[in-house]
Amino acid sequence: INVGISVSRVGGNAQINSMKKIAGTLKLDQAQFRELEAFSKFGSDLDAATMAIIDKGRKNVELLKQGLHAPLRVEQQIAVIYCGTQGLLKAIPMDKVGVFEKDFLKLLETQHGSVLQALAAGELNEEITKALEKAAREVVVGLIPNK
């Protein structure tokens, strides 16, 4: 797959810079996930690395879903997709991905509004990614099942 040419030129140029920065890895991750998911249906035993890719891909699919007539703003999409592409949902059970997304966005809105504003303006730098990762860790801790 050549991710650089897998979408139309118009589609890529219409995206804001912060979305472009994270969307490239998402496309590649999901292509790899789909291939491995199809392979896994043959029932063979899968190693831990393959299972991790499949789990990440399934969680990314959940993150990409949006409610009917309830689209997320672009900066919210970027924040959520960043969490998925960076593997920040590893510890969360699949059935908690929607809860993570809701809680994560609520936390960003209430405590990190400037991060969302920067993402909406097309910015994605180390300070922003650290804030996203910190917020995601806070939410994950609250969702991890007690052992």
Side-chain angles (χ1 to χ4, degrees), residues 1-109 112 115-116 118-145:
I1 275 186
N2 184 338
V3 176
I5 62 171
S6 66
V7 297
S8 73
R9 292 173 196 244
V10 173
N13 289 336
Q15 291 178 339
I16 62 175
N17 287 334
S18 49
M19 181 63 89
K20 282 184 195 180
K21 288 179 182 177
I22 62 160
T25 59
L26 176 66
K27 290 180 276 188
L28 188 58
D29 287 348
Q30 290 309 100
Q32 185 180 27
F33 156 65
R34 293 287 181 208
E35 189 174 309
L36 290 173
E37 184 181 46
F39 177 75
S40 72
K41 290 181 181 176
F42 294 113
S44 60
D45 290 334
L46 302 175
D47 64 4
T50 302
M51 289 301 297
I53 292 168
I54 291 172
D55 182 62
K56 180 180 175 184
R58 287 181 178 150
K59 289 175 181 175
N60 283 343
V61 168
E62 284 301 306
L63 289 174
L64 291 171
K65 292 178 182 177
Q66 295 188 35
L68 185 63
H69 306 298
L72 297 176
R73 296 187 318 268
V74 70
E75 63 271 21
Q76 293 172 317
Q77 292 175 34
I78 294 165
V80 168
I81 292 170
Y82 179 82
C83 291
T85 59
Q86 298 303 306
L88 302 177
L89 300 154
K90 272 189 249 182
I92 295 178
M94 188 68 187
D95 64 340
K96 298 287 186 190
V97 173
V99 175
F100 166 85
E101 181 178 1
K102 181 182 165 216
D103 292 353
F104 176 69
L105 290 174
K106 184 177 179 181
L107 180 65
L108 289 180
E109 293 285 343
H112 301 282
V115 170
L116 290 173
L119 290 173
E123 298 174 35
L124 185 66
N125 56 41
E126 187 177 345
E127 182 180 332
I128 292 168
T129 59
K130 284 185 179 188
L132 292 172
E133 290 168 10
K134 181 180 182 237
R137 279 192 304 272
E138 266 183 61
V139 175
V140 166
V141 166
L143 294 176
I144 295 175

(request) Have a look at Leu89 and tell me which of Glu62, Lys59, Met94 forms a side-chain contact (heavy atoms from CB on, under 4.5 Å) with it. (result) Lys59

(message) Are there over 12 heavy-atom neighbours, none belonging to Glu109, within less than 6.0 Å of that residue's CD?
(response) yes

(request) Mind checking the CD1-CZ spacing from Ile92 to Phe104? Nearest 0.5 Å is all I need. (result) 10.0 Å

(message) Would you say that Leu132 contacts Leu108 through its side chain, given a criterion of any heavy-atom pair below 4.5 Å between the two side chains?
(response) yes

(message) Within the 4.5 Å heavy-atom criterion, are Val61 and Gln30 side-chain neighbours or not?
(response) yes

(request) Considering non-hydrogen atoms only, spot the tightest contact between Leu88 and Ala136 and give its length. (result) CD1-CB, 3.9 Å

(message) As an exercise, state the distance from NE2 of His112 to CD of Glu138, rounded to the nearest 0.5 Å.
(response) 6.0 Å

(message) Within this structure, what is the CD1-CG distance for the pair Ile53 and Asn60, rounded to the nearest 0.5 Å?
(response) 12.0 Å

(message) Please give me the minimum heavy-atom distance between Ala91 and Ile144, naming the atom from each residue.
(response) CB-CD1, 3.9 Å

(message) So Lys20 and Leu124, do their side chains get closer than 4.5 Å, heavy atoms only?
(response) no

(message) Once side-chain contact (heavy atoms from CB on, under 4.5 Å) is applied, do any residues pair with Ala118, and if so which ones, sequence neighbours excluded?
(response) Glu123, Ile128

(request) Indicate yes or no: at least one non-hydrogen side-chain atom of Phe33 is less than 4.5 angstrom from one of Arg58. (result) yes

(message) Can you tell me how far apart CD1 (Ile54) and CD (Glu35) are? Round to the nearest 0.5 Å.
(response) 11.0 Å

(request) Not counting sequence neighbours, which residues clear salt bridge (Lys or Arg N to Asp or Glu O under 4.0 Å) with Arg137? List them please. (result) none

(request) Nearest 0.5 Å please: distance from the CG atom of Leu119 over to the CG atom of Asn125. (result) 9.0 Å

(message) Restricting to non-hydrogen atoms, name the atom on Gly84 and the atom on Lys56 that form the minimum distance, rounded to 0.1 Å.
(response) O-CE, 3.2 Å

(message) Looking at Gln77 and Leu72, would you say the former's side chain and the latter's main chain have a donor-acceptor pair under 3.5 Å?
(response) yes

(message) Strictly by side chain to side chain donor-acceptor pair (under 3.5 Å), give each pair with a member in residues 78-107 just once, sequence neighbours left out.
(response) Tyr82-Glu133

(request) Flag the pair Val139 / Leu143 as yes when at least one side-chain heavy-atom distance between them is below 4.5 Å, and no otherwise. (result) yes

(request) Find out whether Ile81 and Leu64 are in side-chain contact, i.e. whether some heavy atom of one side chain is under 4.5 Å from a heavy atom of the other. (result) yes

